[in-house]
There are 2 protein chains.
Amino acid sequence: MRSLYHPSETDFRLPNILHALSDPIRLSIVRELARTGARSCGTFDLPVAKSTASHHFRILREAGIIHMHPMGSQYVNSLRRTEIDSRFPGLLEAILRAEESVPSKEAL
Amino acid sequence: MRSLYHPSETDFRLPNILHALSDPIRLSIVRELARTGARSCGTFDLPVAKSTASHHFRILREAGIIHMHPMGSQYVNSLRRTEIDSRFPGLLEAILRAEESVPSKEAL
DNA sequence: TCAATTGTTCGATAATAATAGAACTATTTT
DNA sequence: AAAATAGTTCTATTATTATCGAACAATTGA
């Protein structure tokens with residue numbers, strides 16, 4: 001639980017980014033981050049088990065969408081806005097502009 | 001081979017759209033369509049079997065990304081640009097624009 | 001009418017992905 | 001030091017997806 005892999009901006013791949021954002025749970029994480037700023041994993045009320053949530057954070061991280069910064073016993077997640085915008089101008093903005101509700105456990 | 005399902009604009013779902021575009025083959029189809037205009041399925045030089053290509057066209061169609069118009073024995077595929085832009089402004093533009101900044105590594 | 005063309009659908013298989021529980025690591029608190 | 005907290009990683013299971021070949025359907029052309 002020390003340092004986690006983060007791709008450099010030049011290693012961002014569009015299919016990876018789109019795949020990471022195509023999951024409703026991951027999309028809700030990204031929307032929350034965009035709306036409220038950096039937050040630890042545990043502050044997200046996700047309708048899945050802890051290990052599954054961890055999996056989703058990992059997908060986002062490895063696609064280059066979020067940065068996970070260790071802080072004490074937690075990880076502070078933040079959107080890699082600048083880098084995503086630099087690599088794929090307008091993409092994140094367009095996705096965030098499209099409103100979508102947080103999925104309930106029943107809806108999954 | 002008569003009429004195929006096409007969702008109405010209000011039924012477009014962002015996760016479906018993103019998932020459809022997260023596959024390199026489908027992304028290449030969309031890029032070709034954007035670049036050259038409407039074309040039949042057979043004019044795409046895809047590295048997969050005919051049935052697999054058909055599957056990919058179906059995913060794109062059911063997500064609302066393409067329209068498949070029967071014409072003789074073929075289907076003419078076209079991007080549903082206006083409707084996608086209306087529902088998710090800037091999304092398609094950002095994705096198509098990203099093509100130019102994709103590094104030369106690992107094509108498709 | 002017969003054959004070729006175009007693409008779908010079906011059935012099967014292999015690969016990927018989502019999910020959860022349990023065990024583990026690191027940190028903080030008591 | 002022990003317990004609580006935060007999150008990862010491992011293992012397994014299930015669900016979804018990609019893939020292909022074969023069979024099928026519709027249209028076109030000989």
Side-chain angles (χ1 to χ4, degrees), chain A residues 1-6 13-30 32-33 38-63 65-78 102-108, chain B residues 1-6 13 15-30 32-33 38-63 65-78 106 108:
Chain A
M1 202 167 168
R2 200 74 265 172
S3 65
L4 304 174
Y5 168 73
H6 289 82
R13 292 291 176 272
L14 186 57
N16 289 350
I17 298 262
L18 296 179
H19 170 254
L21 294 173
S22 71
D23 181 276
I25 290 181
R26 292 194 290 263
L27 203 46
S28 76
I29 292 172
V30 170
E32 280 290 287
L33 282 179
R39 295 166 49 179
S40 68
C41 302
T43 65
F44 294 82
D45 187 26
L46 303 175
V48 290
K50 195 171 55 162
S51 55
T52 302
S54 183
H55 160 75
H56 286 306
F57 281 103
R58 186 220 267 254
I59 299 288
L60 288 171
R61 172 172 50 79
E62 294 185 341
I65 296 170
I66 65 173
H67 186 264
M68 299 180 71
H69 175 70
M71 193 172 201
S73 63
Q74 338 191 120
Y75 274 105
V76 177
N77 304 280
S78 56
V102 181
S104 66
K105 191 173 296 186
E106 294 75 30
L108 304 173
Chain B
M1 201 166 170
R2 200 70 264 171
S3 66
L4 303 174
Y5 167 74
H6 289 82
R13 292 290 173 269
N16 290 349
I17 298 262
L18 296 179
H19 170 255
L21 294 173
S22 72
D23 181 276
I25 289 181
R26 292 194 291 263
L27 202 47
S28 76
I29 292 173
V30 169
E32 280 291 286
L33 281 179
R39 293 167 50 179
S40 67
C41 303
T43 65
F44 294 82
D45 189 26
L46 304 175
V48 289
K50 195 171 56 163
S51 55
T52 303
S54 183
H55 161 75
H56 285 306
F57 281 102
R58 187 221 267 252
I59 299 287
L60 289 171
R61 173 171 51 78
E62 293 184 343
I65 297 171
I66 65 172
H67 185 265
M68 299 180 72
H69 175 70
M71 193 171 201
S73 64
Q74 335 191 121
Y75 273 105
V76 177
N77 303 279
S78 57
E106 58 186 47
L108 215 83

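- Mapped onto DNA chain C by nearest heavy atom, A:Asp23 and A:Lys50 fall at different nucleotides, with A:Asp23 at the one closer to the 5' end.
- We find that CG of B:Asn77 is positioned 8 Å from P of C:dT8, with the value rounded to whole Å.
- One can place CE of B:Met68 at 14 Å from P of C:dT6, the figure rounded to the nearest angstrom.
- Considering only side-chain N and O atoms, A:Ser54 lies nowhere under 4.0 angstrom from the phosphate OP1 or OP2 of D:dG7.
- With the nearest nucleotide of DNA chain C identified for both B:Gly42 and A:Arg26, B:Gly42 has the one nearer the 5' end.
- Following rounding to the nearest Å, B:Gln74 (CD) and C:dG7 (P) show an atom-to-atom distance of 5 Å.
- Taking atom CD1 of A:Ile59 as the reference point, atom C1' of C:dT16 lies 10 Å away to the nearest angstrom.
- Distance B:Glu62 CD to C:dT8 P: 11 Å, rounded to the nearest Å.
- By the 4.5 Å heavy-atom criterion applied to side chains, A:Arg58 and A:Met68 are not counted as neighbours.
- For the pair A:Leu46 CG and D:dT8 P, the computed distance is 12 Å after rounding to whole Å.
- In this structure, B:Arg58 does not reach the C:dG7 phosphate: none of its side-chain N or O atoms is under 4.0 Å from OP1 or OP2.
- Judged by distance alone with a 3.5 Å cut-off, no donor-acceptor contact links the side chain of B:Thr52 to the base of D:dA18.
- Remark: C1' of D:dA18 and CG of B:Leu21 are 17 Å apart, rounded to the nearest angstrom.
- Within the 4.5 Å cutoff, the side chain of B:Phe44 has heavy atoms near those of the B:Phe57 side chain.
- Nearest nucleotide to the side chain of A:Ile25, out of C:dA18, C:dA20, C:dT19: C:dT19.
- Nearest heavy-atom pair, B:Leu21 versus B:Leu27, reported as atom, atom and distance to 0.1 Å: O-CD1, 3.6 Å.
- In this entry the distance linking CZ of B:Phe57 with P of D:dA18 reads 14 Å, nearest Å.
- OP1 or OP2 of C:dG7 sits under 4.0 Å from a side-chain N or O of B:Ser40.
- Side chain of B:His55, nearest nucleotide from D:dT5, D:dT19, D:dC20: D:dT19.
- A heavy-atom distance below 4.5 Å is not found between the side chains of A:Gln74 and A:Arg39.
- In this structure, B:Ser73 does not reach the D:dT28 phosphate: none of its side-chain N or O atoms is under 4.0 Å from OP1 or OP2.
- Counting only heavy atoms from C-beta outward, the side chains of B:Leu46 and B:Ser28 approach each other to under 4.5 Å.
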